[in-house]
Participant: 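Quick one: this structure, given as structure tokens, is what I'll be asking you about.
First the proteins, then the strands, lettered A, B, ... as listed; each starts at 1.
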Amino acid sequence: MVKKKIFINIGEYKVSKEPIILECIGLGSCVGICLWDRKKKIGALAHVMLGRSSDSHLSDINPFRFADKAIDAMLSDMLALGAKKENIVAKIFGGGNLFRQSGFKIGEKNVVIVEEELRKKGIPIVAKDVGGNHGRSIWFDTSTGKVVVGGPFIETKEY
Amino acid sequence: MENISDLELDALREIMNTGAVHASVVMSEMAKKKIEITFPVVKLCRIEDIPSIIGKPHEIVVCIYLPLNGENDGKFQMGSLLHILSQEGAIKLASILQSIEKRETFELSEMDISALKEVTNVMSGSCLKAISEYVNLKLIEGVPHFACDMQQSIVDHVLVDLASKTDKSLVFKTLFNVEDLNLETHLIIVLYPDAMKLFLERLRSSGII
């Protein structure tokens with residue numbers, strides 16, 4: 001049976017309790033945050049650009065560009081579908097620096113903040129593939145919780 | 001980001017076109033080839049849509065990125081300039097810039113990358129000088145950076161600063177075509193909201209609009 005695939009663009013997130021594949025393409029300094037309730041098999045994926053929304057105060061900015069708002073929204077939607085916080089785990093991907101000179105610390109910073117925000121919420125990070133100098137794409141299967149990571153310049157791996 | 005009228009958008013496009021024409025002249029001199037450009041596409045769009053506006057967000061591209069600085073002794077970042085081309089295009093361009101006729105490998109060497117950075121630097125210098133004179137606004141290109149990967153994953157670095165400041169941004173896109181070589185490159189300029197305000201102020205005060 002071929003599962004339906006849903007593409008998550010920058011600044012978007014999606015939650016599903018149906019078995020589907022959630023996909024993010026081209027994570028550079030952005031971070032793909034996967035949340036999964038192991039018992040109910042409810043999964044969520046957010047493609048975030050930045051760590052904290054408190055960095056900005058403008059109300060017309062899409063809140064889901066920011067990890068803190070996206071994580072809150074994913075958790076809220078998952079719980080509404082019947083997920084239980086104690087069964088939820090996280091896997092995170094991205095936060096690289098694709099420009100060969102350093103000075104682009106944003107990817108690193110994003111990962112640090114994503115980790116802090118998940119820790120604050122008590123969600124354990126059970127896998128991560130972050131940093132480095134190459135772009136990543138990820139495919140999150142919400143029925144198994146597994147995430148495949150690949151990209152034109154990296155080895156394909158499964159987490 | 002304030003709303004922008006069609007008249008203002010047209011005026012900005014004209015200015016960008018002037019900049020692009022100057023950039024194509026220097027590119028032509030360096031490559032020793034005739035260069036044709038298209039009239040710039042300009043869009044006020046959500047940050048999330050910028051990779052799609054640039055085109056082919058999931059394809060591998062070579063990208064030279066330069067920050068654009070300006071007022072306040074050049075410390076104020078006004079925007080970003082991206083010179084984007086396919087891997088094949090990058091090899092072709094790097095070769096003609098170095099007068100290499102026969103290549104042994106089809107990977108970009110340090111010298112190739114240097115040549116690409118240099119041409120981008122010179123093109124943007126010429127483009128920005130033309131724009132600065134037109135609008136009476138200080139614009140200076142910063143240090144060039146190189147990346148080769150999926151377009152979206154490169155461009156997201158450049159959008160991060162904007163992402164916390166504004167919902168939308170102004171994006172200019174011009175296509176450069178190198179005669180004979182079936183080589184296309186894109187020059188993309190993304191303006192920061194404060195820069196756009198300044199541009200429009202100067203345009204109004206100089207009577208252009």
Participant: If we ignore hydrogens and angles and just use 3.5 Å, is the side chain of D149(B) paired with the main-chain N or O of H134(A) as donor and acceptor?
Facilitator: no
Participant: Which answer fits I60(B), side chain, backbone, both or neither, if we ask what part of it has an atom under 4.5 Å from a heavy atom of chain A?
Facilitator: side chain
Participant: Where do I10(A) and D156(B) come nearest, in terms of heavy atoms and distance?
Facilitator: CD1-CB, 4.5 Å
Participant: Using a cut-off of under 4.5 Å on heavy-atom pairs, state which of P152(A), G94(A), G11(A) scores highest against chain B.
Facilitator: P152(A)
Participant: Does a sphere of radius 6.0 Å around NZ in K14(A) hold more than 12 heavy atoms from other residues, nucleotides or ligands, not counting ones at 6.0 Å or beyond?
Facilitator: no
Participant: Which atoms of N62(A) come close to chain B, meaning under 4.5 Å heavy atom to heavy atom: side chain ones, backbone ones, both, or neither?
Facilitator: both
Participant: Check whether more than 12 heavy atoms from other residues, nucleotides or ligands sit under 6.0 Å from atom NZ of K128(A), and answer yes or no.
Facilitator: no
Participant: By ring pair (Phe, Tyr, Trp, His ring centres under 6.0 Å), which residues pair with Y13(A), not counting sequence neighbours?
Facilitator: F64(A)
Participant: Run the salt-bridge test on D167(B) and R65(A) with the 4.0 Å N-O cut-off and return the result as yes or no.
Facilitator: yes
Participant: Just give me the residue among S137(A), C30(A), G28(A) that pairs up with chain B most often, heavy atom to heavy atom, under 4.5 Å.
Facilitator: G28(A)
Participant: Would one find more than 12 heavy atoms of other residues, nucleotides or ligands at under 6.0 Å from atom CD of E101(B)?
Facilitator: no
Participant: Go through the atoms of I106(A) and report whether side chain, backbone, both or neither lie under 4.5 Å from a heavy atom of chain B.
Facilitator: side chain
Participant: If you count the non-hydrogen atoms of other residues, nucleotides and ligands that lie under 6.0 Å from NZ in K117(B), is the total more than 12?
Facilitator: yes
Participant: Looking only at heavy atoms, which two atoms of I25(A) and Q152(B) are closest? And how far apart?
Facilitator: O-CG, 3.8 Å
Participant: Could you check whether atom CD of E88(B) has more than 12 heavy atoms from other residues, nucleotides or ligands sitting under 6.0 Å from it?
Facilitator: no
Participant: Listed by chain and number, what are the ring pair (Phe, Tyr, Trp, His ring centres under 6.0 Å) partners of H186(B), not counting sequence neighbours?
Facilitator: none
Participant: Please give me the minimum heavy-atom distance between A163(B) and M49(A), naming the atom from each residue.
Facilitator: CB-SD, 3.7 Å
Participant: Please report the shortest heavy-atom distance between G135(A) and M150(B), naming the atom on each side.
Facilitator: C-CE, 3.7 Å
Participant: Determine the minimum heavy-atom distance between S164(B) and F66(A), stating which atoms define it.
Facilitator: CA-CZ, 4.1 Å
Participant: Between I47(B), D161(B), V143(B), which shows the greatest number of heavy-atom pairs under 4.5 Å with chain A?
Facilitator: I47(B)
Participant: Using modelled atom types and a 3.5 Å cut-off, is there a donor and acceptor pairing between side-chain atoms of H157(B) and backbone atoms of L98(A)?
Facilitator: yes
Participant: Using a cut-off of under 4.5 Å on heavy-atom pairs, state which of C63(B), A147(B), P51(B), S52(B) scores highest against chain A.
Facilitator: A147(B)
Participant: Which answer fits I113(B), side chain, backbone, both or neither, if we ask what part of it has an atom under 4.5 Å from a heavy atom of chain A?
Facilitator: side chain
